[in-house]
A.B. asks: 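What follows is a single structure, and I will ask about it in a moment.
These numbers come from the heavy atoms of this one structure, side chains and all, not from hydrogens, waters or symmetry mates.
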2 protein chains.
Amino acid sequence: MVANREQIARAAIRRLNADPVASMTQIAESAGVSRATLHRHFASREELMGELGRLSVASWRQVLDDAGVDEAVAEGSAAAITAALDALCHHWIRDVEEFGFALTETGAYGHDELLIAVEEQHAREHAFYAAAQHAGVVRGDMSAVWIAHAAFGLLVGLREALRRGDIAVRDGERLLRESFLRGCAA
Amino acid sequence: MVANREQIARAAIRRLNADPVASMTQIAESAGVSRATLHRHFASREELMGELGRLSVASWRQVLDDAGVDEAVAEGSAAAITAALDALCHHWIRDVEEFGFALTETGAYGHDELLIAVEEQHAREHAFYAAAQHAGVVRGDMSAVWIAHAAFGLLVGLREALRRGDIAVRDGERLLRESFLRGCAA
DNA sequence: ATCGTTTGAGACAGTCATGTATCAAATCGA
DNA sequence: TCGATTTGATACATGACTGTCTCAAACGAT
């Protein structure tokens, strides 16, 4: 069985999605390689988690890019912001499916450059929600930071619902969008 | 320094809220006792986590009791359901402040009776949201199970926002209620 | 002050996870 | 086929954590 670094990283992500505290031995098994081979590709657990953190933040960045949040902020119109918000809900699904474990990962971000990248995405989100408030697209009676926390929380809920099989993947986007934008009250 | 079992458990909870992977040594420090004393009160980490799990589920049950969700389900009127929903948002704050760590705790529920108690509260919540749908108080175009996941997710978001000091405790209830019931869109 | 109880500090043993290293077997490419 | 490379299995060392135990000091009640 031959696996390259990226294949091993992908298998590690899938395993950690199902079992966030898997050991290196368990991760190697899931990747179909021996622990020795896992260590040859990633010198330590820290290096593996660092790589997974980079992949996760890259995916998050891609979601924001694909949704065009920066462009929407620059344009500032309600139409542009609304379209970006809609696209965000669309692209979040892929991210949650693949990197759900990273939503509540508590130890992966020990690297300075990784922490900086995380804060960068936070800043982009906050700027986006602030612009959305300014454009009258989202509520002004709650801070942009809270709105980002609410979205994050719903992504966690989505991850759990998917993990438990309580909702179908194809419903995920609609449920997320509706809950986030219009809430659960009738 | 003298501390009884309950004080130690409370201190453990506070520590785990701040650091979900604290060791027994760290937990003992936070409780102001030696590790030997911690072990005298709780024979093992498993016993301590079991006790904290019971306290957490008891608090969750208390929230549902205080909000009167079972009574509202039995009565079935929109007014009763709406009042219970409102009360739920009110009482959740206390629970999150105290037992926030338990929201994403992944190893505390190894005891059968504890698992049963957890499922019981899930069932009460699901019955409540189903009744709320029937009464036309919450949306019928998403399952009661998803609504429970959405609420859970927002509680996680609330925990993070409080942990980071991004929102004030006194705003927590309003932000939670508004986000959950009416969403973030303007 | 005395005595029984509790506590803290420290030592020890066992387990698990991680990192390191060795060597034979398997794989790959020419 | 052959040589170079990669891999898996295994052993070992280390550190962290947990549980257990001992004993002197501290504490509380009389």
A.B. asks: Using heavy atoms to find the nearest nucleotide of DNA chain C for A:Arg40 and A:Thr25 separately, return the residue whose nucleotide is more 5′.
C.D. replies: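 With A:Arg40 and A:Thr25 compared, the 5'-side residue is A:Thr25.
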A.B. asks: Which value, rounded to the nearest 0.5 Å, describes the distance between A:Ser179 atom OG and B:Trp146 atom CH2?
C.D. replies: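 Answer for the OG-CH2 pair, A:Ser179 versus B:Trp146, is 5.0 Å.
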A.B. asks: Among the nucleotides D:dT7, D:dA9, C:dG19, which one has an atom lying closest to any side-chain atom of A:Arg45?
C.D. replies: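 That would be C:dG19.
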A.B. asks: Between B:Leu48 (CG) and D:dC17 (C1'), how many Å, whole number?
C.D. replies: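 Distance, rounded to whole Å: 14 Å.
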A.B. asks: Aromatic rings B:Phe99 and B:Phe101: how do their planes relate, parallel, tilted or perpendicular, breaks at 30° and 60°?
C.D. replies: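 Plane angle between 30° and 60°, so tilted.
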A.B. asks: In whole Å, what is the span from the CD1 atom of B:Ile8 to the P atom of C:dT6?
C.D. replies: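 Taking atom P of C:dT6 as the reference, CD1 of B:Ile8 is at 13 Å.
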A.B. asks: In this structure, how many angstroms lie between the P atom of C:dG14 and the CE atom of B:Met24, rounded?
C.D. replies: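 From B:Met24 CE to C:dG14 P: 20 Å.
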A.B. asks: Could you state the atom-to-atom distance from NE2 of A:His39 to C1' of C:dG19 in whole Å?
C.D. replies: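 The answer, rounded to whole Å, is 6 Å.
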A.B. asks: Starting at CG of A:Leu38, measure out to CG of A:Leu48 and round the result to the nearest 0.5 Å.
C.D. replies: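 Rounded to the nearest 0.5 Å, the CG-CG separation comes out at 6.0 Å.
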A.B. asks: Could you state the CG-P distance from B:Leu38 to D:dC17, rounded to the nearest angstrom?
C.D. replies: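 Computing the B:Leu38:CG to D:dC17:P distance gives 14 Å.
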A.B. asks: Rounded to the nearest 0.5 Å, how far apart are CZ of A:Arg35 and CZ of A:Arg40?
C.D. replies: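 If I round to the nearest 0.5 Å, the distance is 11.0 Å.
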A.B. asks: Nearest-Å distance, CZ (A:Arg35) to P (D:dC12)?
C.D. replies: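 Roughly 14 Å, once rounded to whole Å.
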A.B. asks: To the nearest Å, how far apart are B:Glu46 CD and C:dC16 C1'?
C.D. replies: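 Distance check: B:Glu46 CD to C:dC16 C1' gives 16 Å.
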A.B. asks: Atom CD of B:Glu47 to atom P of D:dT18: distance rounded to whole Å?
C.D. replies: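 Rounded to whole Å, this separation is 15 Å.
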